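Ligands are counted one by one from 1 in listed order, and the atoms in each one are counted from 1 as well. What's counted below: heavy atoms across the whole structure, side chains too, no hydrogens, waters or symmetry copies. The model shown is predicted, which means the values in this text are computed figures rather than measured ones.
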Amino acid sequence: MSALPVIQVEPLVSTRGVRGPFDYARPDGVDVGSVVDVPFGRQRLRGVVTGLKASSEYRLRAPTHVHDVSLPPDLVRLALWMADDVVSTRARCLELLLPPEGVGERTRLWAAAVLPPPRPDGAPAPGPDDDVYAGIRLTDKQRAALGRLPGWTGEDLSTLRRLEGRGLVTIEERAHGRRPDHATVGALHGDGTSAPPLNPDQAHAVDRIAAVLAAGEELELRERQLLLHGVTGSGKTEVYLQAAQRTIAAGRTVLVLVPEIALTPQTVARFRRRLGETVAVLHSGLSKGERRDEWWRLRTGEARICVGPMSTVFAPVPDLGLVIVDEEHDSAYKHGEDPRYDARRVAAWRAREAGAVLLVGSATPRPESWAALRRIGLPRRADGGDMPAVRLIDVRGTRGALHPDVHRALTDARKAIVLLNRRGWATWMECADCGHTWECPNCDVSLVLHGGRDGGGGGILRCHHCGHQERPPTRCVACGSVSVGQHGLGTEQLADTLPGHVYRLDADVRDRAGVLEAFGAADHGILVGTQMIAKGHDFPDVTLGVVVDADATLRFPDFRSQERTFQMVAQLAGRAGRGAGAGGVPAQVLVQTRSPREPALLFAARHDAHGFLVEELERRRDLGYPPYATIVRVVCEHEDEARVEAAATALALRMPEDTLGPVPLFRRQARFRRQLMVRSPARALTVGATRAAVEAVVADPAHRGVTLVIEVDPR
Ligand code: ADP
Ligand code: ZN
Ligand code: ZN
């Protein structure tokens, strides 16, 4: 610990107005990452030490309290970098990285050896296996106790206390006990405890990753950033597992990011089964105490791997060696609220800072990753099976939701998956006589009918943006007509019209893992749902996939609509025809569209990700879209339209010259909105200019209360 006497403290306050850091006197034991309470004017604030200084021009006050938790210094640097990178505040980013506090802890004694044990890869260091350890001859009992460290003291306590007396061991009280139970993090029992023999493609992939791991920082950064492009069912998880095992054997640690834990419990379970207790899990489904304990298991090095959703990228592991991002195309990796970070970008930052290897994997990589990363391919399915045949079905002229061919295929198939990206029963209601539609009083959007099975007056109208609910009309409020029609097919209604046993999965379903499990166990049936049904599940006996409306994604006004459409079809195809369970029945995917010549669909039908990405990247280059530019978007929001307009106009004057807007967005949650957008090849410059403009407007009392939502690389 350095002797610098001044600490710089960033107060954890949510407003953009307070900008630290502020100088305080440094108490004993306080270092970068410590959490302290400091006097601030007349208040007392919690803050994080972000730096040390030799002197200060101010008269220094001292912290009034030092908390038990602290952040490792690399995570402090991460928070500060992230605040700048996504135009958030340092306080919000630091807060996000801290473990839960204020949980009553159960403590036990934890011991660690003072000298490092021998590393498997390095030259022999003095360790407990040697007769003489640090100049002291050990008894058998002492050697055995040392060999079990670091760990809980247990029955070795008296032996360890003696070693502590000689300065060989440290013993401390530590929170203990709340291990997340196996049901929430993936069972440890069952098969899959040993590694299956790899097929040649997998073996080649693992060898290449191992070579990069071994060479480490001798390689240029670019050579340490890998993309595992494996078709669906190619066995990517097995490659991750073996790469992780090698990293741990080399004495380093691993982070494994998955898009959403409730939808991908299989990946977590496989890591736990293979690697056991060294795997920690961090996710929002755990209790505060469980999260806190898992956090400490990682921080102390007791756990060497952390598996979980996006926040796993903040796990406090030392000696990071490998960062894995599974299903890297998934938009769940973007945080929906401030700080609006992208876990994939943070993953790359952590790998770079630690000299670790970045390994992202997908069957449908993002153009960004395809262009920037070193590619490793798994071009075949692991079980040797064929990819399903994908047929585009032109539904121009078709009446009803399903083409007759699709209906027939669904009747014939034993197990099928049907994707429709609209939840509810009907997406809007309209008067047949005067055209009146039912809109949300708080948002400029149509209300969606849920539970409309019984027709006239049944169910409930709901706003998908603010949660407003009202009873569906029996007659028109504008003209009194009783012919009020339901329009726009949703998942509820589709589920109701399909033959056989139907399982529904969308955001309205509470127990999503339960639905997936039930469908997986069923002998026959149809799984209907939104995009989430196409995410990474492994059902070996599904032989049919259906996309009800590919045009909905395709027509979405966004430069990523082609990418999304390709991904949706390819990922759905990935759920069909996996494994021997299909019993030799050839699997197929039927895609309903009115644009059967659309390149994104044609490439998906040919399983040609390479072709799609090359063409898509050319288009992006021509149009100046990411990855050849960065997009920064600022949305101003307030209940008073004039005030939003004023703030947006003031902001526009300060933003870079080529900024578009302000343009109105639809009113949401009773708030008017104006959007400014800038697209530029100079990322750092544009982000910096946006930050300056935002801070100036926020500091102006005339615009107090107007919310500014900044998004760098919006999804
Ligand atoms: P991906 O993530 O690439 O879609 P998975 O990792 O889920 O693929 O693997 C698909 C299936 O193939 C799984 O059931 C897995 O157990 C199996 N598998 C993977 N590697 C092998 C292998 N070397 N030999 C046999 N089966 C394998
Ligand atoms: Zn009417
Ligand atoms: Zn609403």
Side-chain angles (χ1 to χ4, degrees), residues 190-192 194-206 228-243 256 258-259 264-271 273-274 324-330 360-365 376-385 387 429-448 461-470 473-485 520 534-541 570-582 666-671:
D191 51 3
S194 60
L198 296 177
N199 66 39
D201 292 330
Q202 289 171 315
H204 175 74
V206 171
L228 182 63
H229 175 225
V231 299
T232 50
S234 58
K236 292 185 283 294
T237 312
E238 198 50 50
V239 172
Y240 301 147
L241 278 165
Q242 303 214 8
V256 184
V258 295
T264 47
Q266 289 154 337
T267 307
V268 181
R270 282 171 77 182
F271 270 86
R273 276 203 298 268
R274 188 74 59 78
I324 295 171
V325 183
D326 188 21
E327 308 287 2
E328 71 98 23
H329 60 276
D330 201 304
V360 312
S362 175
T364 54
I376 302 176
L378 297 177
R380 281 168 283 268
R381 286 200 160 169
D383 62 3
M387 300 297 287
M429 297 192 76
E430 186 176 316
C431 169
D433 287 328
C434 76
H436 176 82
T437 57
W438 277 256
E439 299 211 336
C440 175
N442 310 318
C443 316
D444 298 333
V445 297
S446 298
L447 293 168
V448 176
L461 282 177
R462 202 182 288 162
C463 172
H464 283 188
H465 292 274
C466 72
H468 167 86
Q469 299 194 352
E470 59 186 67
T474 44
R475 53 175 60 231
C476 177
V477 285
C479 75
S481 161
V482 290
S483 3
V484 177
K535 288 191 178 181
H537 326 296
D538 194 359
F539 301 121
D541 47 5
Q571 290 293 338
L572 186 71
R575 300 314 121 215
R578 284 163 84 104
F666 74 87
R667 193 172 60 107
R668 196 167 73 183
Q669 300 183 349
R671 293 159 79 81

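Applying the salt bridge (charged side-chain N to carboxylate O under 4.0 Å, His left out) rule to pairs touching residues 476-485 yields nothing, sequence neighbours excluded.
Under 4.0 angstrom from ligand 1, the non-hydrogen atoms of Pro197 all belong to its backbone. Heavy atoms of Arg270 found under 4.0 angstrom from ligand 1 belong exclusively to the side chain. Residue Arg381 does not touch ligand 1, judged by heavy-atom distances below 4.0 Å.
Among protein atoms, those of element N, O or S found less than 2.8 Å away from the Zn ion (ligand 3) are Cys440 SG, Cys443 SG, Cys463 SG, Cys466 SG.
Of all protein atoms, those of element N, O or S that lie under 2.8 Å from the Zn ion (ligand 2) number 4.
Contact annotation: the side chain of Pro197 never approaches that of Gln202 to less than 4.5 Å [non-hydrogen atoms, C-beta and beyond].
Of all the atoms in ligand 1, the ones that sit under 4.0 Å from a non-hydrogen atom of Leu198 are 23 (N). Numbered from 1 in the order shown, with element, the atoms of ligand 1 that lie under 4.0 Å from a heavy atom of Ser234 read 1 (P), 3 (O), 8 (O). Listed by atom number, the atoms of ligand 1 under 4.0 Å from Ala382 heavy atoms are 12 (O), 18 (N), 19 (C), 20 (N), 21 (C), 27 (C).
Judged as a ring-ring contact (aromatic ring centres under 6.0 Å, His included), and not counting sequence neighbours, the contacts of His229 are Trp370.
Note on ligand 1: Gly233 sits in its first shell, one or more heavy atoms being nearer than 4.0 Å.
Side-chain atoms of Arg462 never come within 3.5 Å of backbone atoms of Gln469 as a donor-acceptor pair (strictly under, hydrogens ignored).
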